[in-house]
Amino acid sequence: MENPVKTYKFRFTPMMIAVFSLGIALCAACFAITTWQFSEFVNGLRGNISSAWEWIKYLLLYFVSIFLAVLLIAMLIRSHYILTEKRLITQFGIIFSKYEIKKIRSVCLLNGTKKLNVYFDDFKNRFITIVVKEEWYDDFIRTLTSINEKIEFDFTSPENKEIKK
């Protein structure tokens, strides 16, 4: 992997953090309930201990609950944007996306949503939205344009739209 020039942590909204926390709590509850049912199964109180389907069911329940919990925790801890000399890398847990910095056409600050959109040359309407702390916007744009000086910067304000009845 390339050496990072700068790294910016993804900014989660409180609602997203609540959803991730709820998901992790549900994974823990699934693990606990599976353990309770598995102990009854092994003690012969529920089901047939020689049934392969029962064993597979418990293994799958354990695997799914652990996998989802690890995925959610990884997304909370390892979500960030990495700027290298050649690429803009977005990482959300174990999911990576890489974009060539030389293919970035412009960066636009949307004042209505307080987010940055990065537009690319390869497709006419292709863009990604960068969600970091507002105080990091200037530094992010400065770092990006120092790597590729051809990148344009723009900002838009929300338009006053008339409400039609």
Side-chain angles (χ1 to χ4, degrees), residues 1-84 86-101 103-104 107-120 122-123 125-141 143-144 156 158 163:
M1 190 169 170
E2 300 173 45
N3 291 332
V5 173
K6 196 87 175 193
T7 301
Y8 300 91
K9 186 138 177 70
F10 187 88
R11 181 180 51 93
F12 288 109
T13 63
M15 179 62 126
M16 290 174 69
I17 293 172
V19 168
F20 280 126
S21 300
L22 178 64
I24 293 167
L26 287 174
C27 289
C30 177
F31 189 86
I33 290 170
T34 302
T35 302
W36 173 60
Q37 289 179 347
F38 182 70
S39 68
E40 287 185 349
F41 167 71
V42 170
N43 291 331
L45 302 175
R46 287 178 68 150
N48 181 4
I49 197 162
S50 63
S51 171
W53 293 112
E54 290 289 323
W55 286 97
I56 292 172
K57 176 181 82 171
Y58 290 116
L59 286 175
L60 283 175
L61 286 170
Y62 278 126
F63 175 76
V64 168
S65 62
I66 291 170
F67 175 76
L68 289 176
V70 167
L71 184 67
L72 291 172
I73 291 169
M75 288 185 80
L76 275 174
I77 294 172
R78 300 284 298 177
S79 293
H80 51 262
Y81 303 97
I82 304 168
L83 288 172
T84 68
K86 296 181 181 179
R87 292 186 178 86
L88 166 62
I89 302 169
T90 60
Q91 179 181 4
F92 298 102
I94 60 173
I95 302 166
F96 285 91
S97 295
K98 296 179 181 182
Y99 306 95
E100 296 290 326
I101 290 181
K103 293 182 180 179
I104 296 175
V107 178
C108 182
L109 173 60
L110 304 173
N111 284 333
T113 59
K114 299 290 185 193
K115 294 180 181 157
L116 290 172
N117 279 353
V118 175
Y119 295 93
F120 297 91
D122 20 358
F123 297 106
N125 296 322
R126 184 171 176 212
F127 70 94
I128 61 170
T129 301
I130 305 294
V131 184
V132 294
K133 291 182 181 179
E134 288 181 46
E135 52 266 15
W136 295 347
Y137 287 167
D138 290 337
D139 188 44
F140 182 86
I141 295 165
T143 305
L144 195 58
T156 60
I163 300 173

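Everything numeric here is computed off the predicted structure, so don't read it as measured data.
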Subject >> Whether Y8 side chain and K133 backbone form a donor-acceptor pair below 3.5 Å >> reply: no

Original post:
CZ/F96 to CD/Q91 distance, rounded to the nearest 0.5 angstrom?
Top reply: 3.5 Å

Original post:
Quick one: CD on Q37 to NZ on K57, what's the gap to the nearest 0.5 Å?
Top reply: 6.0 Å

Subject >> Straight-line distance of C30 SG to L68 CG, nearest 0.5 Å >> reply: 8.5 Å

Subject >> Sequence-distant partners of Y137, ring pair (Phe, Tyr, Trp, His ring centres under 6.0 Å), two or more places apart >> reply: none

Original post:
How many angstroms lie between atom CD1 of I101 and atom CD1 of I89, to the nearest 0.5 angstrom?
Top reply: 8.5 Å

Subject >> Neighbour count above 12 (heavy atom, 6.0 Å) for K9 NZ >> reply: yes

Original post:
Would you say R78's side chain and G93's backbone share a donor-acceptor pair under 3.5 angstrom?
Top reply: no

**OP:** Measure the acute angle between the ring planes of Y81 and F10, then classify it against the limits of 30° and 60° as parallel, tilted or perpendicular.
**Re:** tilted

**OP:** Might you point out which heavy atoms bring V5 and T84 nearest each other, and give the distance in Å?
**Re:** CG2-C, 3.7 Å

Subject >> Parallel, tilted or perpendicular, as decided by the 30° and 60° cut-offs, for the rings of F12 and F20 >> reply: perpendicular

Subject >> K6 side, atom NZ; H80 side, atom NE2 - distance, nearest 0.5 Å >> reply: 14.0 Å

Original post:
Considering all heavy atoms of both residues, which atom of C27 and which atom of A69 are nearest to each other, and what is their separation?
Top reply: SG-N, 3.6 Å

Subject >> Pair F120 + F127: ring centers closer than 6.0 Å >> reply: no

Original post:
Atom CD of E100 and atom CG of L88: how far apart are they, to the nearest 0.5 Å?
Top reply: 10.5 Å

Original post:
Would you say L76 and I24 make side-chain contact, with heavy atoms under 4.5 Å?
Top reply: yes

